Amino acid sequence: MKLIQCLLVFTLSICTTAHGVASESIPDFAIVIHGGAGSASTDSELISAREQALSAALDKGVEILKQGGSSLDAVEQVIRLLEDSPLFNAGRGGVLTAKGHNELDASIMDGKTRSCGAVGGVTIVKNPISLARLVMTETRHVLLVDHGADQFAKTLKHPKIEIVDPSYFKIPAQVKRLERVREKERLSDAEKMGTVGCVALDVHGNISAGTSTGGLVNKKHGRIGDSPIVGAGTYADNKTCGVSCTGVGEDFIRNSVAYDVSARINYMKQKIDKAVSEILNREDHPVRGGIIGIDHRGNITIQFNTVGMSRAAADSSGLRLVKIGK
Ligand code: ASP
């Protein structure tokens with residue numbers, strides 16, 4: 001109970017500073033990105049490297065949206081850049097399982113049609129977000145996992161799907177991190193890297209959302225988190241909003257968090273800020289992590305109840321934010 005109380009007090013103070021990013025008029029386009037909840041590093045080099053990576057990803061997304069590109073393209077391209085960076089828990093920088101290898105999860109959703117695609121536990125695909133998008137467009141399914149997903153990737157022979165050796169993902173920082181968890185040492189804040197996610201609203205009024213992750217460090221072989229579960233870690237519906245989540249995946253799955261944000265807007269007529277804040281502050285079923293979202297009017301929300309969250313946002317009215325940590 002004490003822990004919950006602590007968490008809630010902290011949440012409130014963070015939330016009040018974190019989500020005041022909405023612009024007054026309805027923007028033509030808007031984009032918001034997270035680089036994972038939990039990050040409160042004091043290592044200035046790491047902070048500035050992450051800032052630069054987020055800033056470059058934001059620029060890419062803005063460029064696509066400014067030129068009239070689709071929110072789906074913006075979300076996919078932004079996430080690909082973050083997956084290629086070793087600084088985030090996704091793609092190259094994904095954390096290792098208890099067995100010492102990578103099992104990557106990702107999902108993407110198109111708010112115009114509610115089409116969606118997802119992959120879980122992939123081990124040889126450089127950019128799981130692109131594979132998720134191809135599950136959406138090239139199959140009649142929503143979620144492919146494990147060998148089936150890797151196999152699908154191989155047979156596609158698609159320019160966006162690069163097959164890599166699993167050693168590509170075994171970067172020294174993650175090997176060290178797993179060793180420290182195994183030795184039951186407390187991880188320093190600097191090592192708490194997170195999942196990546198992006199939500200975008202394009203000039204055609206379409207909202208898309210996507211999330212990509214290595215999951216939780218030292219996770220059991222075969223464990224799937226919220227990130228590839230549509231309705232838990234990712235959701236998009238043009239009528240309501242787009243959402244991407246980060247944090248303890250099991251909390252987000254139990255509470256269908258991403259869909260809950262949309263449902264609260266749809267049925268309860270809540271504003272996106274309130275919907276997200278109520279979910280992150282609830283006492284009965286705690287949800288530990290962070291949520292980013294954009295509603296159908298272009299209002300951006302960024303909230304978290306952890307020590308920090310890497311985040312970035314921009315819109316056509318001139319808003320631009322890039323922030324790491326608190
Ligand atoms: N939500 C992710 C998972 O549980 C982890 C994270 O966001 O850092 O797999």
Side-chain angles (χ1 to χ4, degrees), residues 32-41 50 54 79 82-83 85-99 101-109 118-123 128-129 132 143 145-146 149 169 173-174 177-178 181 187-199 209-235 243-261 276 279-280 286-293 302-311 324-325:
V32 59
I33 303 172
H34 71 74
S39 164
S41 174
R50 286 202 189 137
L54 272 185
I79 293 182
L82 298 174
E83 286 175 338
S85 164
L87 300 170
F88 302 94
N89 174 16
R92 181 102 213 265
V95 296
L96 303 176
T97 67
K99 283 193 165 186
H101 59 242
N102 280 81
E103 293 176 11
L104 307 170
D105 304 336
S107 64
I108 192 160
M109 185 160 186
V119 291
V122 298
T123 61
I129 194 69
L143 172 62
V145 300
D146 204 354
F169 302 106
Q174 295 303 355
R177 191 170 183 219
L178 178 64
V181 174
L187 282 174
S188 73
D189 283 337
E191 289 170 295
K192 289 180 184 167
M193 292 182 279
T195 295
V196 304
C198 179
V199 181
T211 311
S212 181
T213 191
L216 297 178
V217 64
N218 203 30
K219 68 184 181 183
K220 261 191 190 310
H221 168 52
R223 178 263 188 190
I224 302 274
D226 61 314
S227 309
I229 307 295
V230 168
T234 303
Y235 197 73
V243 173
S244 171
C245 306
T246 171
V248 180
E250 285 72 10
D251 290 355
F252 286 83
I253 295 173
R254 283 183 201 109
N255 294 291
S256 303
V257 168
Y259 176 71
D260 193 20
V261 177
V276 169
I279 292 167
L280 287 176
V287 171
R288 292 161 288 174
I291 300 172
I292 56 168
I302 303 174
Q303 298 184 51
F304 50 95
N305 57 20
T306 51
V307 283
M309 181 164 82
S310 306
R311 58 216 187 259
I324 308 291

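Counting starts at 1 for both ligands and their atoms, in listed order. Note that the structure is a prediction, hence the values are computed from the model and not measured.
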For ligand 1, which is the ligand I care about here, please tell me if [X] has any N or O atom under 3.5 Å from one of the ligand's N or O atoms.
X      : value
Cys245 : no
Thr213 : no
Gly225 : no

Heavy-atom contacts with [X] under 4.0 Å: which atoms of ligand 1 show up? List them by number with element.
X      : value
Thr246 : 6 (C), 7 (O), 8 (O)
Asp226 : 1 (N), 2 (C), 3 (C), 4 (O)
Gly215 : 5 (C), 9 (O)

Judged by non-hydrogen atoms, does Arg223 sit under 4.0 Å from ligand 1?
->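 So Arg223 counts as touching ligand 1.
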May I ask whether Gly36 has any heavy atom positioned less than 4.0 angstrom from an atom of ligand 1?
-> no
Is a side-chain donor-acceptor pair under 3.5 Å present for Glu83 with Ser212?
->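 Their side chains do contain a donor-acceptor pair, which is all the 3.5 Å distance test asks for.
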Quick one: closest heavy-atom pair of [X] and [Y], and the distance?
X      : Y      : result
Cys245 : Val257 : SG-CG1, 4.0 Å
Val196 : Ile79  : CG2-CG2, 4.0 Å
Ser107 : Thr234 : OG-OG1, 2.8 Å

Results of salt bridge (charged side-chain N to carboxylate O under 4.0 Å, His left out) for Arg223 - residues two or more places apart only | Glu250
With Asp251, which residues qualify under salt bridge (charged side-chain N to carboxylate O under 4.0 Å, His left out), at least two apart?
-> Arg254, Arg288
